[in-house]
Amino acid sequence: MVWNAVAVSCAAAVPPPTYESHPTPPRSSSPSLTPEPSSSSLSPAAQPFQPRIMVQWQPPPDGFVKLNFDGSLYNDGSGRASIGGVIRDCRGRVLIAFAERTEHTTVGIVEAQALIRGLQLARYYFLGGLGMVAEGDDRVLVRLLRAEDTYTRIPLDMQQEIITLLGQFPACQVQHIFREGNQVADALCHAAYQQQGVWVGAVALPGAVVEKVEDDAYGVKHERICKPKPPRCDSSIQSLPRWCLEARKLTTTC
């Protein structure tokens with residue numbers, strides 16, 4: 001049977017990434033010596049106020065592991081491209097991490113390669129008895145796998161491979177996180193250009209990666225600067241039926 005998209009869900013409620021919005025501080029009641037500019041005096045290039053959004057990585061719930069994945073490529077003629085990812089438990093401890101160079105292609109394919117590699121390693125190291133939360137900053141890929149959009153940047157066989165791998169876990173969920181909350185995977189991508197490898201546990205991880213792991217463990221929040229993007233227009237998009245992976249009761253807890 002051929003699936004064009006997959007919606008994945010978990011038996012337990014998986015908390016989404018934490019985003020905090022900070023509104024504009026209240027104005028002072030005292031008079032201002034500097035007159036406020038009128039709308040007619042503002043520059044045409046002036047952007048409307050964008051709220052501050054704080055992004056924080058969240059560990060998975062008991063009985064789940066979380067894979068954060070990322071892909072990186074340079075369009076400077078160097079041909080550099082890499083994938084990276086980290087699998088952590090409900091306490092934020094590193095179980096598996098990887099950093100590998102790959103063929104220079106498109107960003108969509110590189111991101112999907114990182115997800116596939118992470119899921120393969122999770123299965124290889126016998127983590128298949130736990131639920132899986134796969135989290136990345138490629139919104140297009142996440143929306144495709146959640147059957148929220150039909151727009152894709154990857155070939156169908158790669159999409160089917162991801163669906164097959166996700167189906168090997170008793171429960172799973174694919175979710176998006178802003179890149180500011182995906183810094184461990186990003187650091188592993190960059191580390192791949194100097195030191196490729198697969199690490200079991202946090203021992204011998206590159207120093208730059210360890211710093212990001214510790215930030216996440218301590219709950220450090222990162223500010224995201226919102227940049228409005230023009231909407232994508234695609235008249236060919238049609239809604240697809242969603243299907244869920246049936247989750248069995250998890251007997252192993254973290």
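The basis for the numbers below is simple: all heavy atoms, side chains too, and nothing from hydrogens, waters or symmetry mates.
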Flag, side chain of H104 to backbone of Y74, donor-acceptor distance under 3.5 Å: yes
Rounded distance [0.5 Å steps], CZ in R139 versus CD in E111: 13.0 Å
ILVMFWY network linking I87 to V209, side-chain heavy atoms under 4.5 angstrom: no
Shortest non-hydrogen contact from G129 toward P170: O-CG, 3.8 Å
Among L73, L141, N75, side-chain contact (heavy atoms from CB on, under 4.5 Å) partner for V107: L73
Common cluster, L115/L130, ILVMFWY with side-chain heavy-atom separation under 4.5 Å: yes
Evaluation steps, side chain to side chain contact (heavy atoms under 4.5 Å, CB included), between E161 and Q120: CA-CA 10 Å; E161 183 176 3; Q120 290 173 337; 3.4 Å; yes
E100 side chain to Q196 side chain, donor-acceptor N/O pair below 3.5 angstrom: no
G85 to A185 - nearest heavy-atom pair and separation: CA-CB, 4.4 Å
Candidate pair Q168 and R123, rule side chain to side chain contact (heavy atoms under 4.5 Å, CB included), full reasoning: CA-CA 8 Å; Q168 295 175 4; R123 292 291 300 168; 3.1 Å; yes
Euclidean distance, Q113 CD relative to I162 CD1, rounded to 0.5 Å: 10.0 Å
Co-membership, hydrophobic cluster, residues L166 and V65, 4.5 Å side-chain: yes
W57 and D215: side chain donor to acceptor below 3.5 Å: no
For the student: nearest non-hydrogen atoms of G71 and A114, plus distance: N-CB, 4.5 Å
R117 to F69 six-membered ring, cation-pi geometry met (6.0 Å, 45°): no
Which atom of C90 lies closest to which atom of P61, heavy atoms considered: CB-O, 3.8 Å
Nearest-0.5 Å distance, NE2 of residue H176 to CZ of residue R146: 11.5 Å
Polar side-chain atom of K212 near backbone of N182 as donor-acceptor pair, under 3.5 Å: no
Beyond-backbone contact of V86 with V94, side-chain heavy atoms, under 4.5 angstrom: yes
Verdict with reasoning, R153 to D138, per side chain to side chain contact (heavy atoms under 4.5 Å, CB included): CA-CA 11 Å; R153 301 186 294 185; D138 184 350; 2.7 Å; yes
Full working for side chain to side chain contact (heavy atoms under 4.5 Å, CB included) between Y125 and L95: CA-CA 9 Å; Y125 285 99; L95 303 178; over 6 Å; no
Heavy-atom side-chain contact between R88 and N68 under 4.5 Å: yes
Backbone N/O of E148 and side chain of R143: donor-acceptor pair under 3.5 Å: yes
For R101 against A192, the heavy-atom pair lying closest together: NH1-O, 2.8 Å
Note, Y193 side chain near S72 side chain (heavy atom, < 4.5 Å): yes
Q56-K221 side chain donor-acceptor pair, cut-off 3.5 Å: no
Under 3.5 Å donor-acceptor, R224 side chain and R52 backbone: no
Residue pair V110 / I83, side-chain heavy-atom distance below 4.5 Å: yes
Flag, side chain of T102 to backbone of S82, donor-acceptor distance under 3.5 Å: no
Test item: V55 and I53 side chains (from C-beta on) under 4.5 Å apart, heavy atoms: yes
N-O pairing of D89 and K66 below 4.0 Å: no
Pairwise side-chain contact, T106 with I109, heavy-atom cut-off 4.5 Å (strictly under): yes
For D70, all residues meeting side-chain hydrogen bond (donor to acceptor under 3.5 Å, both in side chains), sequence neighbours excluded: none
W199 versus A204, closest heavy-atom pair with distance: NE1-O, 3.2 Å
Single-linkage hydrophobic cluster, 4.5 Å side-chain cutoff, L67 and V200 together: yes
Cluster link M132 to V184, ILVMFWY, side chain under 4.5 Å: no
Whether E211 side chain and A208 backbone form a donor-acceptor pair below 3.5 Å: no
